[in-house]
Amino acid sequence: MVNQRTFFRLELEPPLEAQTSIVRIKDNEIESGEAHVLVDNISAGGLGFVSNLNLPVQTEIVLEFRMRLFNQQIKPLGYIVRKAERPDGLFHYGVSFTIDEDLKALLVRLVSELQIKLRRGNNITSCDFYHGDATAFFDREHQ
């Protein structure tokens with residue numbers, strides 16, 4: 001299988017806590033409820049996340065992700081391109097972003113900065129990392 005990624009993808013261990021919601025289906029904007037997810041990899045072109053929700057792989061369903069990177073709230077939009085059920089009953093998704101060049105440039109910078117700080121072993125408190133078991137995350141009260 002050929003890796004067709006345009007941007008460097010950073011694996012996140014521990015993962016980032018984020019929120020997601022459906023903002024558009026086909027050409028119809030909607031307001032859906034919010035779900036908490038764990039982002040385990042990110043690039044300027046997309047991300048991977050874990051969820052307890054069984055979502056369809058559909059390019060017509062656009063999701064918004066809200067996460068904090070270096071005290072900046074970023075809200076990229078994207079659609080699910082891959083889905084796999086994990087042995088623990090959770091689902092892992094791959095998302096392709098549909099974002100403008102400004103947000104793409106910001107993500108390139110933030111992902112690079114995050115990679116450097118993680119490699120150096122810095123304790124990063126300006127991002128919402130989750131230091132626990134994924135199944136326990138989804139068993140918490142806010143779900």
Checklist entry - Are L38 and L90 close enough, and set up right, to give a side-chain contact (heavy atoms from CB on, under 4.5 Å), and what steps lead you there? => result CA-CA 11 Å; L38 293 173; L90 299 174; over 6 Å; no

Checklist entry - How far apart are the C-alpha atoms of L69 and R109, what are their side-chain angles, what is the distance that settles it, and do they pass the side-chain contact (heavy atoms from CB on, under 4.5 Å) test? => result CA-CA 11 Å; L69 290 174; R109 186 175 59 76; over 6 Å; no

Next on the checklist: Just verifying a value: how many Å separate Q58 CD and K83 NZ, rounded to the nearest 0.5 Å?
Outcome noted: 10.0 Å

Checklist entry - Got L118 and L10 here, is their nearest side-chain heavy-atom distance under 4.5 Å? => result yes

Next on the checklist: For residues V111 and F70: do they belong to one hydrophobic cluster (side chain heavy atoms under 4.5 Å, members Ile, Leu, Val, Met, Phe, Trp, Tyr)?
Outcome noted: yes

Item to check | Derivation of the side-chain contact (heavy atoms from CB on, under 4.5 Å) call for Y93 and V37 | outcome: CA-CA 10 Å; Y93 296 95; V37 299; over 6 Å; no

Item to check | NE2 on H92 to CZ on R86, rounded to 0.5 Å | outcome: 7.5 Å

Checklist entry - Are F49 and F91 connected, step by step, through hydrophobic side chains (Ile, Leu, Val, Met, Phe, Trp, Tyr) whose heavy atoms are closer than 4.5 Å? => result yes

Checklist outcome for this item: Rounded to the nearest 0.5 Å, the CZ atom of R9 sits from the CG atom of D40 at a distance of 9.5 Å

Item to check | Residue pair F137, V50: steps toward the side-chain contact (heavy atoms from CB on, under 4.5 Å) verdict | outcome: CA-CA 10 Å; F137 176 82; V50 175; over 6 Å; no

Checklist outcome for this item: dist R66:CZ -> I74:CD1 (nearest 0.5 Å) comes out at 12.0 Å

Checklist entry - Does the cation-pi check pass for K104 over F97, that is, NZ or CZ under 6.0 Å from the six-membered ring centre and within 45° of its axis? => result no

Checklist entry - Say you draw a straight line from SG of C127 to NZ of K117; how long is it, rounded to the nearest 0.5 Å? => result 9.0 Å

Checklist entry - Which atom pair, heavy atoms only, marks the closest approach of P56 to I80? => result O-CD1, 3.7 Å

Checklist outcome for this item: Note: L12 and F129 closest approach over all heavy atoms is CD2-CE2, 4.5 Å

Checklist outcome for this item: V108 and A44 have their tightest heavy-atom pair at CG2-CB, 3.4 Å

Checklist entry - When clusters are formed by joining ILVMFWY residues with side-chain heavy atoms under 4.5 Å apart, either directly or through shared neighbours, do L110 and F65 land in the same one? => result yes

Item to check | Over 12 non-hydrogen atoms of neighbours within 6.0 angstrom of CD in E31 | outcome: no

Checklist outcome for this item: Of L63, T20, I25, I22, the one forming a side chain to side chain contact (heavy atoms under 4.5 Å, CB included) with S32 is I22

Checklist entry - With side chains defined as the heavy atoms from C-beta onward, is the minimum distance between E13 and E11 less than 4.5 Å? => result no

Item to check | R68 atom CZ: more than 12 heavy-atom contacts under 6.0 Å | outcome: yes

Checklist outcome for this item: Heavy-atom nearest pair, A35 first then L53, reads CB-CD1, 3.4 Å

Next on the checklist: Show the nearest heavy-atom pair for residues M67 and P76, with the distance to one decimal.
Outcome noted: CE-CG, 4.2 Å

Next on the checklist: Please determine whether the number of non-hydrogen atoms from other residues, nucleotides or ligands lying under 6.0 Å from atom CD of Q73 exceeds 12.
Outcome noted: yes

Item to check | Contact check, side chains of I99 and L107, non-hydrogen atoms, under 4.5 Å | outcome: yes

Checklist entry - Can you check whether E17's main-chain N or O pairs, donor with acceptor, with D128's side chain at less than 3.5 Å? => result no

Item to check | Minimum side-chain heavy-atom gap T98-Y79 below 4.5 Å | outcome: yes

Checklist entry - In the single-linkage hydrophobic clustering (I, L, V, M, F, W, Y; side-chain heavy atoms under 4.5 Å), do L77 and I30 co-cluster? => result no

Next on the checklist: For residues V95 and F8: do they belong to one hydrophobic cluster (side chain heavy atoms under 4.5 Å, members Ile, Leu, Val, Met, Phe, Trp, Tyr)?
Outcome noted: yes

